[in-house]
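Since the structure comes first, as structure tokens, the remarks are kept for the end.
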2 protein chains.
Amino acid sequence: MPLPLKIVSWNINSVRFRIEIVEKFLREMAPDVLCLQETKVIDQDFPTAAFRALGYRHIVLHGQKMHHGVAILSKVPLAEDDRLDWQANREARHVGVRLANGMRIENVYVPAGGDVPDRDANPKFGQKLDFLERMTRWSEALSGPTLLVGDLNIAPLEADVWNHKQLLGVVSHTPVEVAAMAQLKASNSWVDLGRHFFPEPARLHTWWSYRSADWTVNDRGRRLDHMWATADIAATATRHHVFEECRSWLKPSDHVPIMTEFQI
Amino acid sequence: MPLPLKIVSWNINSVRFRIEIVEKFLREMAPDVLCLQETKVIDQDFPTAAFRALGYRHIVLHGQKMHHGVAILSKVPLAEDDRLDWQANREARHVGVRLANGMRIENVYVPAGGDVPDRDANPKFGQKLDFLERMTRWSEALSGPTLLVGDLNIAPLEADVWNHKQLLGVVSHTPVEVAAMAQLKASNSWVDLGRHFFPEPARLHTWWSYRSADWTVNDRGRRLDHMWATADIAATATRHHVFEECRSWLKPSDHVPIMTEFQI
DNA sequence: GTATCGAGAG
DNA sequence: CTCTCGATAC
């Protein structure tokens, strides 16, 4: 039986500023593939040497200046990389690759959506919903074994947030966003791997705001990061883990890495 | 015989950003009085606690937002502090105190003067010369034992710069600045303590630009920081030292501390 | 609270 | 190159 394939997704909130904790994580967990979001760096400044030194020699970048930016770093060969721009606004929010076994990995950073959950009052909220709609059209047309990972910036279920009632009006947990995410999910044979392994009412969080002094005290987390697999791939998933401890590391990201293992 | 009185001057280039190396220096050299320039902090945000913890309980501040700012921190009592504003422009460039033994310490940060050594083309150069002229009027009227310290932003002698000829047209070593400094020096019984202990042609530098990768390679230093004593005080000076090694510390200032010991 | 950038100064 | 700040975003 071959070793499991370990795939990680992590919104790193500046890969340059946090390169030390990325290295620490890779040394300890040694995933085969690492998908990053919010790298906040143009491709020519991406710290590829640090990753190569740890064995991640297959690197596909889609960065831009200042904001957003995604990347896939792999110990195993990558092919057929692409960078989609669903909203044709040149924001670097997607990078996709194909592994040698035929499985595709689609790494996405969905817009945060601003503060006010109102399409009209807040254009960023409108952009977020539009992004999800365009992603849904794309998802409908997808075929083949696919793993969709990333910061989707929506916590759909009650147990995905620290307080469902209190967050119903807060961007990331509003009914209109949850509905948009449900449409995306229904547009293919997607299996939510987090909830596949840890069904409700299990608490499952991947993000804790920087704005509370000690994130552990009130534990006001949300599950904004996800891994969805098409049914064929989901059938090979053997394990899923959320690395909450990374939120306590020195100079942490506000998101923690999540990992799924596949026996392929 | 009493212990010598050790007085240090250091352009720290942000006392908050460099608090660790200041603490390291104070722990190692334990001067009685520390005069800082370019503290870059308003008085209410000055990290006084760090200094008090090291025994510097007598603190006189003259800070402002963003730029400039001077301070005197002392283990021995300070009295009669004042903050002069020679150019009446509210720039925090002077703080003075009197020690119990009657000696005054005047801590000054002279304007850098911009890039172009031309009064007309570059107002900052004019401001620098004006500052020196006003300081000269003040110095003429001074009486009593006085130590004048600080970043005077002029390297007057050939051996005060790494290349005299090459710097004749560079602000800090131009003839007009050197002449203005000479007038200031002649306006009282000032003794240049650095050159008193290390006469020309000894190399004596206190500043190395951040803009060369390794300051030690070409050693392109300048002596911008000075200690001048009135004749009575100069007669009690026993030792003078430039701490070049501090330029190699982690997160260094571009200036290094200088120290004089007095047997009073 | 924690990032990035660009301006301004040195 | 190395700081501070203010704007912007999350």
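Numbers restart at 1 for each chain; the letters A, B, ... are given by sequence-line order, proteins then strands. These figures come from a predicted structure and were not determined experimentally.
Judged by distance alone, the side chain of B/D192 and the main-chain N or O of B/H226 form no donor-acceptor pair under 3.5 Å.
Residue A/K65 places none of its side-chain N or O atoms closer than 4.0 Å to OP1 or OP2 of C/dA3. Residue B/R16 places at least one side-chain N or O closer than 4.0 Å to OP1 or OP2 of D/dC5.
Going from atom OH of A/Y109 over to atom P of D/dA9 covers 12 Å, rounded to whole Å. With rounding to whole Å, A/H67 atom NE2 is found 19 Å from C/dT2 atom P. In this structure, the CG atom of A/L250 is 11 Å from the P atom of C/dT2, given to the nearest Å. Summarising the geometry, the separation between NZ on B/K124 and C1' on C/dG10 is reported as 8 Å, rounded to the nearest angstrom.
Taking a 4.0 Å limit (strictly below) on heavy-atom distances, residues 217-225 of chain A does not reach DNA chain C anywhere. Listed by residue number, there are no residues of residues 148-169 of chain B with a heavy-atom contact under 4.0 Å to DNA chain D.
With respect to the salt-bridge test (charged N to carboxylate O, under 4.0 angstrom), the residues A/E177 and A/R222 do not qualify.
Across the interface with DNA chain C, nearest-nucleotide mapping of B/A112 and A/S14 shows A/S14 to be the residue nearer the 5′ end.
The one candidate from B/D254, B/D225, B/D151 that meets the side-chain hydrogen bond (donor to acceptor under 3.5 Å, both in side chains) condition with B/W207 is B/D254.
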